[in-house]
Amino acid sequence: MAVETSQSVAKAAGARSARGRGHRTDNTPGSPGPGRLRRALSTHWYAWSMVAPVVAVIGVIIGYPLVRGVYLSLTDANEANVERTIGINHIPATYEFVGLENYKAVLTDNVFWDRLGWTVVWTVSCVALSFTLGLVLATMLNRKIKGRTFYRMALILPWAVPAFVSVFTWRLLFNERSGLFNKLLAGGGIDAISWLNDPTWAKVSVIAVNVWLGVPFMLVAMLGGLQSIPGELYEAAEMDGATAWQRFRHITLPGLRPVSGTVILLSSIWTFNMFPVIFLLTRGGPGDATEILVTYAYKLSFVVSPRDFAGSAAWGVLILALLSLFAVAYRRALRKQGDMW
Amino acid sequence: MRRGIAATALVAALGLTTAACGGGGDNQGGTDSSGELSGTVTFWDTSNEAEKATYQSLAEGFTKLHPKVKVKYVNVPFGEANAKFKNAAGGNSGAPDVMRTEVAWVADFASLGYLAPLDGTRAIENQGDWLPQAAASTKFDDKTYAVPQVIDTMALFYNKKMLKDAGAEVPTTLEALKDASAKVSKKWPGKSGLYLRGDDPYWFLSFLYGEGGDMVDAKGKKITIDDPSGVRAYKTIKDLVDSKAAITDASDGWNNMQNAFKSGKVAMMLNGPWAIADSRSGAEFKDPKNLGIAPVPAGSAGQGSPQGGWNLSVYAGSKNLDASYEFAKYMSSAKVQQTTTEKLSLLPTRLSVYTKPSVSGNEMVQFFKPAVDKAVERPWIPQGNALFEPIRLQMANVLGGKTTPEKAAQETGDAYRKMLKDYK
Amino acid sequence: MSTNTQTAPTRKVRARGERSPLASAGLHLTLLVATLVAVFPPLWLVVTSFKPKTDAFDTSVIKNFTLGNYSHVVSDTQFLAWLGNSLVVVGITTVVGVFISATTGYAVSRFRFPGLRPLMWLLLITQMFPVAVLIVPLYNLLASLGMLNQPVGLVITYLTVAVPFCAWMMKGYFDGIPAEIDEAGRVDGLTPFGTFWRLIMPLAKPGLAVTAFYTFITGWGEVAYASAFMTGEENLTLAGGLQTFVNQYTADWGSLTAAAVLIAAPAAVVFGLVQRHLVSGLTAGATKS
């Protein structure tokens, strides 16, 4: 994102950090003598102590569960054989290591591929739609127009309402028998739509709700991006007689690339793992039509009986692997285009 | 931004004080030297909106008998209660001392070690008075893990006036049901005969039993859902919806069903005694006599409906076991059961209660008691509750046209085979 | 703050003279439609909350106006307890989260130290972690530490959700604060912490506000962890509590909507306080390169 800037900042920031930087180069792996360690400690202790809380929190709450999750995915753990304490009774763990059995089972099961397919469709359509809408609205809001603050506040509002509250509201509106949407349709003489009961409509509905929730973030990010494009560029282009479209195509879009790169990556990851919208709107139904990978994995560990901890962990590890692959590929693609973050 | 920071500080300060106040309550209790019970009993009740006020006052009535015991009544929605109890019990924190447990949950919880065995404790009183069907659901591995409180089965609920105005008889078979539905829709276009729960597999059982099928044969250790009877059951629900004899939803079914029935948008529904109180709150049933009850219409193999009900179980990790046992005994006592019948028309699980005039004279009891005697008992195995999820999925697929009844039955069977490794 | 003001004047010159009345009307029309879509559901929520419970699905805007839902929610349900629990959890998460993401963001922005690169990667990768991998082990971990069903367990969990992104945002924000300020502090004899705390933090208030907002919203709206970890009824947070109003077998939309309005209000207040800074704060990092 801002690597270059921060490097120059660090350089200007004075001798201490500059020394620190130099230090890193000679502290290459393989020669961490005790004296060096002490020297590194005395040079970097403040930087380390500033990041320590975050590293500690991440290490304990993400590192340990992750390692444990990967381990569980290689066993046959479920709620009936894990270690548990009920009052004074202690029941020891009896699950066994089964190697890659769970992965084999998941990958040879159609359920996984079906869910993956829909999750990809869900992620791509949600991100694409909310990105496009966010960009269009940001472009409009970035002009000098009357009531700009009002529009901006109103358009960001969905972000300020907690997601689960909004989702409940949408359920109220979508209700097939008595919801507002179907009453309006009936008023217009149109047949009721099974918003959440027909597999296809349910998919459309969950995407619509998620886009509604996601646009404000995109809008805000795009506004920030637009404001960082120097106005002189536009003035110069205007003098050269460029049309509005040409200006958008050749100044705005390239100018937005650094922001959009990050924003699309983050929002893809978030949407891929978006739990509350689907869980609260349809519970994955009708049938399993709107079940994405995360909601299914959650179902395995908290809904089915007996709770399948190992299977759920295997799904989770696969999700993580998919996302990591995606992030690496995405970064590489961006880097090829000359963007770095 | 000073205001902002101040607000944050305020929030934090508020938070800390609340945290300090909310610090753990003392759950320690037991019996003092004189044998008097004390401490707190947390009770998770799963009764529905219309029933919960009655249950709360009954539960709190325990304090009159045992003044030193504090009852903490919590209503937990039925749909979430199973998962919530497992979350709490499995993590050994936050679980209630006593819970109103659905009959199919007992074996599940007990097999995981979450429930306290009750044999020989004060929780069990006059076991010979229990209805034998109700007693069966309290056992796991030859031990008693619950005391029965309510027994039920399903029936056809109908709107007497609507059927009469449409010129339809109360249907006794599914064929007759379709005829009656057609008459209703003909008389009032836009209204339907039956509301079919498409999102709750419990409602599927009546159709399955009506075709002579079952989910599994627990004695023969055999999976029977994918027998021809299972296929016919899936066909039945599909046919009812496709022929427009019934309307259905893949979500929010309970609320939509009750709303449709209470407001006269449908004339019939399948339901159990737990729906009586709520149904009578609807506009169509201002005159309670308008609510008709009949046996579930017969399928090709005859009439059948599942036996259900509610038990009370005690959490094995309860810090106050003695008071909890006593509370379970109280909630399943003849007196409490008589009250739930008088107020909510729920069916008692004690033979002695049926002899009380207020109970035997209750028209719902008069109807449901013989129905319960005929009801089909489910297999009381730990996986009993888990058998529903595959049916739920396939019902939605069949009703949504995503799969055929044959395929649905087969996939349900395959899912069962994964769950029940030693079954055929 | 500074970024917010810098660009507006440049655009003024251009846009005004050039747009035809028709284009202007089209612009307003599009924005109005978008505003309507954005605002309608929350608005409908407010409207429904003032209707009697039985009229929840009524299409009339206001027929039988009532405050009954509010009084019911506040006095007859556990709502206030849930609200208190949420405030505790989210309040502590926000304060701690903002502080540690600021220190991390600052360290990452200003110093080159061994472990910098892995840390940056860690912050990114952490955001990819699906609830599904972590939730069961985390549940077991909290259970064994006795932190299940305790606000502190949820606080720590939320920190891991919010802090990586917030640290990332704060780094971007600090990148935009000239390094000369640090230098000046050092010349005056301040320690690195002193510089950070006395000079940089006050300058970074808009960024801090955005970080606070983000952390707050993350915790306020989280469902999965809250439902799984707050096992006892007395410790439910709002996300879990509200599900008891509307679920498979109950549909008390009156109570739900009233409670939802009461919940959304504080969020909207926080939002109102920081929305000015959202634009500049959120993307400061991304746009400085």
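This is a predicted model, so every value here is computed, not measured. Chain A is the first sequence line, chain B the second, and so forth, proteins listed ahead of strands; every chain is numbered from 1.
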If you tally heavy-atom pairs under 4.5 Å against chain C, which of A:Val136, A:Val57, A:Ile145 wins? A:Ile145
With chain A, which of C:Thr48, C:Val37, C:Thr257 has the greatest number of heavy-atom pairs at distances under 4.5 Å? C:Val37
Counting heavy-atom pairs under 4.5 Å with chain C, which one of A:Ala163, A:Pro158, A:Ala314, A:Ala77 comes out on top? A:Pro158
Answer with side chain, backbone, both or neither: which region of A:Ser49 has an atom nearer than 4.5 Å to a non-hydrogen atom of chain C? side chain
Considering only heavy atoms, which portion of C:Thr218 lies under 4.5 Å from any heavy atom of chain A: side chain, backbone, both, or neither? neither
Give me the ring orientation class for C:Phe165 and C:Tyr214: parallel if the planes are under 30° apart, tilted from 30 to 60°, perpendicular past 60°. tilted
At a 4.5 Å cut-off on heavy atoms, which part of A:Leu280 comes close to chain C: side chain, backbone, both, or neither? side chain
When you check the side-chain N and O atoms of C:Asp182 and C:Thr195, is any donor under 3.5 Å from an acceptor? no
Is the gap between the ring centers of A:Trp45 and C:Phe111 under 6.0 Å? no
Heavy-atom pairs under 4.5 Å with chain A: which of C:Asn140, C:Leu36, C:Leu141 has the most? C:Leu141
At a 4.5 Å cut-off on heavy atoms, which part of A:Phe272 comes close to chain C: side chain, backbone, both, or neither? neither
Honestly, the part of A:Tyr64 sitting under 4.5 Å from a heavy atom of chain C is side chain
Under 4.5 Å from a heavy atom of chain A, the part of C:Ile100 involved: both
Looking at A:Phe309, does the NZ or CZ of A:Arg307 lie under 6.0 angstrom from its six-membered ring centre and within 45 degrees of the ring axis? no
Heavy-atom proximity to chain C below 4.5 Å, by part of A:Val67: neither
Do C:Arg110 side-chain atoms and C:Phe174 backbone N/O form a donor-acceptor pair below 3.5 Å? yes
Counting heavy-atom pairs closer than 4.5 Å to chain A, which one of C:Thr160, C:Leu238, C:Val223 comes out on top? C:Thr160
Scanning both residues in full, the closest heavy-atom pair of C:Pro114 with A:Trp48 reads O-NE1, 3.1 Å
Side chain, backbone, both or neither: which part of C:Val261 has a non-hydrogen atom closer than 4.5 Å to chain A? neither
Give the minimum heavy-atom separation between A:Thr169 and C:Leu45, together with the two atoms involved. OG1-CD1, 3.2 Å
Quick one: sort the C:His28 and A:Tyr151 rings into parallel, tilted or perpendicular, breaks at 30° and 60°. tilted
Are C:Phe213 and A:Trp159 close enough that their ring centres sit under 6.0 Å apart? yes
Under 3.5 Å, side chain of C:Thr157 to main-chain N/O of C:Gly153, donor-acceptor pair present? yes
Minimum heavy-atom distance C:Met169-C:Val210, with the two atoms named: SD-CG1, 4.0 Å
Whether the side chain of C:Trp220 engages the backbone of A:Val161 through a donor-acceptor N/O pair (distance < 3.5 Å, no angle test) should be reported. no
Report the option among C:Val163, C:Leu123, C:Leu27 that has the most heavy-atom pairs separated by less than 4.5 Å from atoms of chain A. C:Leu27
Part of C:Ala239 within contact of chain A (heavy atom distance under 4.5 Å): both
Ranking A:Glu83, A:Arg283, A:Met153, A:Arg84 by heavy-atom pairs under 4.5 Å to chain C gives rank one to A:Met153
Would you check if the distance from the ring center of C:Trp253 to the ring center of C:Phe245 is below 6.0 Å? no
Is chain A contacted by the side chain of C:Val246, its backbone, both, or neither, given a heavy-atom distance below 4.5 Å? both
A:Leu173 versus chain C, the contacting section by heavy-atom distance below 4.5 Å: side chain
Does any heavy atom of chain C fall under 4.5 Å from the side chain of A:Phe168, the backbone, both, or neither of them? both
Mutual orientation of the aromatic rings belonging to A:Phe275 and A:Phe279 [parallel < 30°, tilted 30-60°, perpendicular > 60°]: parallel
I'd like to know which of C:Gly97, C:Ala228, C:Ala107, C:Ala224 tops the heavy-atom pair count under 4.5 Å against chain A. C:Ala224
Given that the side chain runs from C-beta out, which part of A:Leu323 has a heavy atom under 4.5 Å from chain C: side chain, backbone, both or neither? both
Top residue by heavy-atom pair count (under 4.5 Å) with chain C, among A:Leu157, A:Ile269, A:Ile62, A:Leu184? A:Ile62
With only heavy atoms counted, which part of A:Ser166 is less than 4.5 Å from chain C, the side chain, the backbone, both or neither? neither
Under 4.5 Å from any heavy atom of chain A, what part of C:Leu31 do you find: side chain, backbone, both or neither? both
Look at the side chain of C:Glu222 and the backbone N and O of C:Ala226, then say whether any donor-acceptor pair between them is shorter than 3.5 Å. yes
Specify the closest pair of heavy atoms between A:Ala313 and A:Gly69, including all atoms of both residues, with the distance to one decimal. CB-O, 3.4 Å
Tell me, side chain or backbone of C:Phe196 under 4.5 Å from chain A's heavy atoms, or both, or neither? side chain
Could you have a look at C:Ala38, C:Ala264, C:Gly221, C:Ala265 and say which one has the most heavy-atom pairs with chain A under 4.5 angstrom? C:Ala38
Measure distances from C:Leu32 to the heavy atoms of chain A and classify the residue's part below 4.5 Å as side chain, backbone, both or neither. both
Which bit of A:Leu266 comes within less than 4.5 Å of chain C, counting heavy atoms only: side chain, backbone, both or neither? side chain
